[in-house]
Amino acid sequence: MKYVNQPVRKTDAMALVMGKPVYTDDLAPKDCLIVKILRSPHANAWVEDIKTGNAEKVAGIACILTYKDVPQKRFTLAGQTAPEMSPDDRLIIDRHVRFVGDVVAIVAGETEDAVDKALKRIRVQYRVEAPVLDMHKAKDNPILVHPEEDWKLKIPLGGNNKRNLCAEALEEHGDVDKVLSECKYTVEQTYHTKANQQTMMETFRTACYMDHFGRLVVLSSTQIPFHVRRIVGRALDIPASKVRVIKPRIGGGFGAKQTSVSEIYPAIVTWKTGRPSKMIFSRYESMICSSPRHEMEITVRAGADENGIIKAIDVYTLSNTGAYGEHSSTTVGLSGHKSIGLYRHTEAYRFAFDVVYTNVQAAGAYRGYGATQGIFAVESAVNELAHKMGMDPVRIKELNMPIEGGPLPGYPDVPYAQSCTMDKCMARAKEMMDWDSKYPFRDMGNGKVRGVGVAMAMQGSSIAGVDVGGADIKLNEDGSYTLALGCTDMGTGCDTIMAQIAADCLETPMENIVVFSVDTDISPYDSGSYASSTTYTTGVAVMKACQELRKKICELGAQMLEVDQEKVDFDGSYVFCDGEDEEKRVSLEQVALKGTFFNNIELQVVKQHSSPLSPPPFMVGMAEVEVDTETGTVDVLDYVAAVDCGTPINPNLARVQTEGGIAQGIGMALFEDVQYTEKGKVRNNSFMQYKIPTREDFGNIRVAFESSYEESGPFGAKSIGELVIDTPCPAIAEAIYNATGVRVRELPITPEKVAMGILKKKLEK
């Protein structure tokens, strides 16, 4: 291959570094109304009365909408393939506000100053009720977050709004209790991961306008253009055919923009007024009313025999979905499916969960999507089990890890590992870290101790049988190709990757492929960029489309050469007759010209692809930390990762994906925690209070790839985007334990927790 498996520069790199106008706010109409939201100061209240008269008198105000002015048809903001698994529990504006920051009114005006002035003049009378803020007390609490009668769950997932339950389920294989009772070594512990913000550089933002056909055009920074079209149509109670969604460049999403956080508000303003409008979330709004990671508390029981073979795993997850149920049931599922599957000898397993409503901002999708929380719990439990046995945690993983052709217990999307180099990943990471000489710790003699820790992870490649990738490839009259995609480039470089695949399939220079980003009127249907589906699913769609187009090029070339199609071939530049002299050929440009103007063979192909399988990528991560035993401060000195993502299409992009995911995982492990006051208000609503790691906050990140070949993926590729955030939390927690003997089971692992743990150990002595 000339381009696949090569470190090709991103196609949009120069435009971005030169500051070209490519993002939503750059491209929004200049005469947009400014849209802002009046947000609830209460975590649980009813709007008894709202007066907007004085606000409407402010010069420049074009529109003020309350619950009286919007459709009363419930919907979900989750960007999932229909029928959505998330409940219909939203209105554009509801009388019942369910968290601090919930929508009370929409204000649109000519200037930001006018809108800000109008927001201050709106008078609201609330009936305030006690909120449910503790997820442990939410289930069957007499205070209901969603008491309404029109709450609807389209798929039976155990949800019951009259019990504050968004979903619940139990999956079992074998007799877990019996097998655990027979195990020589067992462990039972509870692990708590807090909510985290995605903190993408570009906040939520949307612009809307009406086209000359009377259709609503939505220009938005979203991962899910086709789902946004459906969501906006439902929310406004208009046909989806009246909505067109265009995706410009995106300044990061990490799952946050798999929820339609901002689109419906300017959409209804434009639909009501006929005027262009835009809504740009401030960083403050992106902190208090967005779609952070689900807080989860996970109890794990695990047992092993005298040889270190893990025989049984029992996982119970309590997940906090917040005020609304976006992604509630799907996220929690991954906490068990992606963690239990890491241990191939498991004879019996149980996975149960409850997802509860509380009066805090609604949770949503975040890179790792539940697997991050589950893998932290299960990997930590297995590490603890290894210490009980007096065994190196690396060894217990080597004895139990997935192997190619081996089973993946509790992972319903694939019965066995079709492609897997987890053993090579472990060996490579061990070598990179120099594990044997550093494990378990080294006392540096100055009050600082260094420890190392290890974790394994697996994720998925798309949602099996659900996610759809689409590609439209067209030969232009000059011999160039236009590749229209339905997938969403969030800065990950998927436009580049698809161009690499197309260039090699068509044997043409990459600069000859013009990639067209998503426009729901023009692009082929694609379920969106989430669930690690883009390269794996859309990549195959691109391959299929290119292969079909090659056939069409050969068919037309054969007609021009006046020979049977079976006698010709195509080398990317010429259609030629096998074994004939050079005169018996036609150039691609000749075929393109003929195909554009003078023939009946359409040189354009649209293909879709959906995989019945979701082959997991695999990873081993190892951390070396230095702990100050006086203050509890933890420094990550070195992090090594060995990754099996199949065959990387673009090693450079795969590497930066890995490095970025690890950095986010370090933030989750040590710093990030969405905190609330006793009244449900977010405490850390800016980067002054909410700490994310900078490059100064950790040492080396080193990445190696141990390639496998996944036959169902494009050129042997699997996914990588989500997997890479999954190992830092358990690896760092284990490294801290090895350095100090302090086991912290609640994230983030702050200096206070470490220092108090060290003090407690000293007092116990």
Side-chain angles (χ1 to χ4, degrees), residues 20-36 60-65 69-71 73 75 77 79 82 92 106-111 115 202 204-250 257 260-281 470 472 474 482-489 495 514-529 604 606:
K20 299 294 184 183
V22 295
Y23 296 103
T24 299
D25 201 22
D26 299 327
L27 304 176
K30 300 306 177 188
D31 57 345
C32 277
L33 295 172
I34 305 300
V35 178
K36 290 193 177 186
I61 292 300
C63 179
I64 298 179
L65 302 175
D69 308 305
V70 299
K73 183 177 179 181
F75 57 92
L77 293 179
I92 299 176
I106 303 171
V107 179
E110 307 286 351
T111 65
V115 173
E202 183 195 29
F204 304 97
R205 49 196 59 200
T206 301
C208 298
Y209 59 90
M210 303 298 294
D211 69 12
H212 54 284
F213 294 114
R215 297 172 70 228
L216 177 65
V217 180
V218 179
L219 178 73
S220 192
S221 180
T222 176
Q223 297 173 224
I224 47 163
F226 285 92
H227 294 324
V228 165
R229 181 177 64 177
R230 182 181 71 249
I231 292 166
V232 169
R234 284 186 182 174
L236 273 59
D237 200 17
I238 61 176
S241 61
K242 292 284 188 182
V243 183
R244 175 186 182 186
V245 179
I246 300 172
K247 178 211 74 76
R249 278 282 154 232
I250 296 179
K257 294 170 184 175
S260 182
V261 173
S262 61
E263 286 84 2
I264 58 175
Y265 307 112
I268 195 165
V269 166
T270 293
W271 188 254
K272 291 271 190 181
T273 65
R275 297 185 57 183
S277 66
K278 71 176 179 181
M279 185 173 187
I280 307 295
F281 268 50
D472 178 344
K474 177 176 65 174
T482 298
L483 176 61
L485 299 169
C487 63
T488 303
D489 194 329
D495 286 357
V514 179
V515 180
F516 186 85
S517 290
V518 189
D519 179 334
T520 58
D521 270 10
I522 302 169
S523 303
Y525 178 79
D526 191 295
S527 49
S529 292
Q604 181 171 359
V606 180

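This one's a predicted model, so the numbers in the text were calculated from it and none came from an experiment.
- To the nearest 0.5 angstrom, D519 atom CG is 4.0 Å from R244 atom CZ.
- Put simply, the side chain of T24 reaches to within 4.5 Å of the side chain of E202, judged on heavy atoms.
- Contact of the T111 side chain with the I34 side chain is not registered, since no non-hydrogen atoms from C-beta on lie closer than 4.5 Å.
- In this structure the side chain of S221 reaches within 4.5 angstrom of the side chain of K257, judged on heavy atoms.
- Atom NZ of K474 has 12 or fewer neighbouring heavy atoms from other residues, nucleotides or ligands inside a 6.0 Å radius.
- Contact detail for C208 and V218: the closest heavy-atom pair is SG-CG2, 4.0 Å.
- Applying the salt bridge (Lys or Arg N to Asp or Glu O under 4.0 Å) test to residues at least two apart or on different chains, the pairs with a partner in residues 25-34 are D25-K278.
- Residue pairs satisfying the salt bridge (Lys or Arg N to Asp or Glu O under 4.0 Å) criterion with at least one member in residues 260-277, sequence neighbours excluded, are listed as follows: E110-R275.
- Heavy atoms only, all atoms of each residue included: C63 and T273 are closest at CB-CG2, 3.8 Å.
- Rounding to the nearest 0.5 Å gives a distance of 8.0 Å between CZ of F75 and OG of S260.
- Using a 4.5 Å heavy-atom threshold, the side chains of V70 and I268 count as touching.
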For L219 and L27: C-alpha separation, side-chain torsions, deciding distance, then whether side chain to side chain contact (heavy atoms under 4.5 Å, CB included) applies. CA-CA 8 Å; L219 178 73; L27 304 176; 3.8 Å; yes
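- Looking at heavy atoms from C-beta onward, T488 lies out of side-chain contact with I224 at the 4.5 angstrom threshold.
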Residues Y265, I92; criterion side chain to side chain contact (heavy atoms under 4.5 Å, CB included); working and verdict: CA-CA 8 Å; Y265 307 112; I92 299 176; 4.3 Å; yes
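- H227 contributes a side-chain N or O that, together with a main-chain N or O of S527, makes up a donor-acceptor pair within less than 3.5 Å.
- Looking only at side-chain heavy atoms (C-beta outward), S517 and R249 come within less than 4.5 Å of each other.
- The side-chain heavy atoms of V269 and I106, taken from C-beta on, include a pair separated by under 4.5 Å.
- Shown here for T270 and P276, the closest heavy-atom pair between the two residues is OG1-C, 3.9 Å.
- Between D472 atom CG and D526 atom CG the span is 12.5 Å, to the nearest 0.5 Å.
- In this structure, CD1 in I246 is found 13.0 Å from OG1 in T222, a value given to the nearest 0.5 Å.
- A distance-only check finds no donor-acceptor pair linking the side chain of S277 to the backbone of L33 [under 3.5 Å].
- A distance-only check finds a donor-acceptor pair linking the side chain of S523 to the backbone of L485 [under 3.5 Å].
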Please test V35 against V107 for side chain to side chain contact (heavy atoms under 4.5 Å, CB included), starting from the C-alpha separation and ending with a verdict. CA-CA 6 Å; V35 178; V107 179; over 6 Å; no
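- Looking at heavy atoms from C-beta onward, Y209 lies in side-chain contact with P29 at the 4.5 angstrom threshold.
- The distance from atom CG of D489 to atom CD1 of I250, rounded to the nearest 0.5 Å, is 8.0 Å.
- A salt bridge is defined here as a Lys NZ or Arg NE, NH1 or NH2 lying under 4.0 Å from an Asp or Glu carboxylate O, and K242 with D211 fails to meet this definition.
- Atoms NZ and OG, on K247 and S529 in that order, are 8.0 Å from each other to the nearest 0.5 Å.
- Here the closest heavy-atom approach between residue V115 and residue A108 is recorded as CG2-C, 4.0 Å.
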Would L483 and F516 count as a side chain to side chain contact (heavy atoms under 4.5 Å, CB included) here? Give the steps. CA-CA 6 Å; L483 176 61; F516 186 85; over 6 Å; no
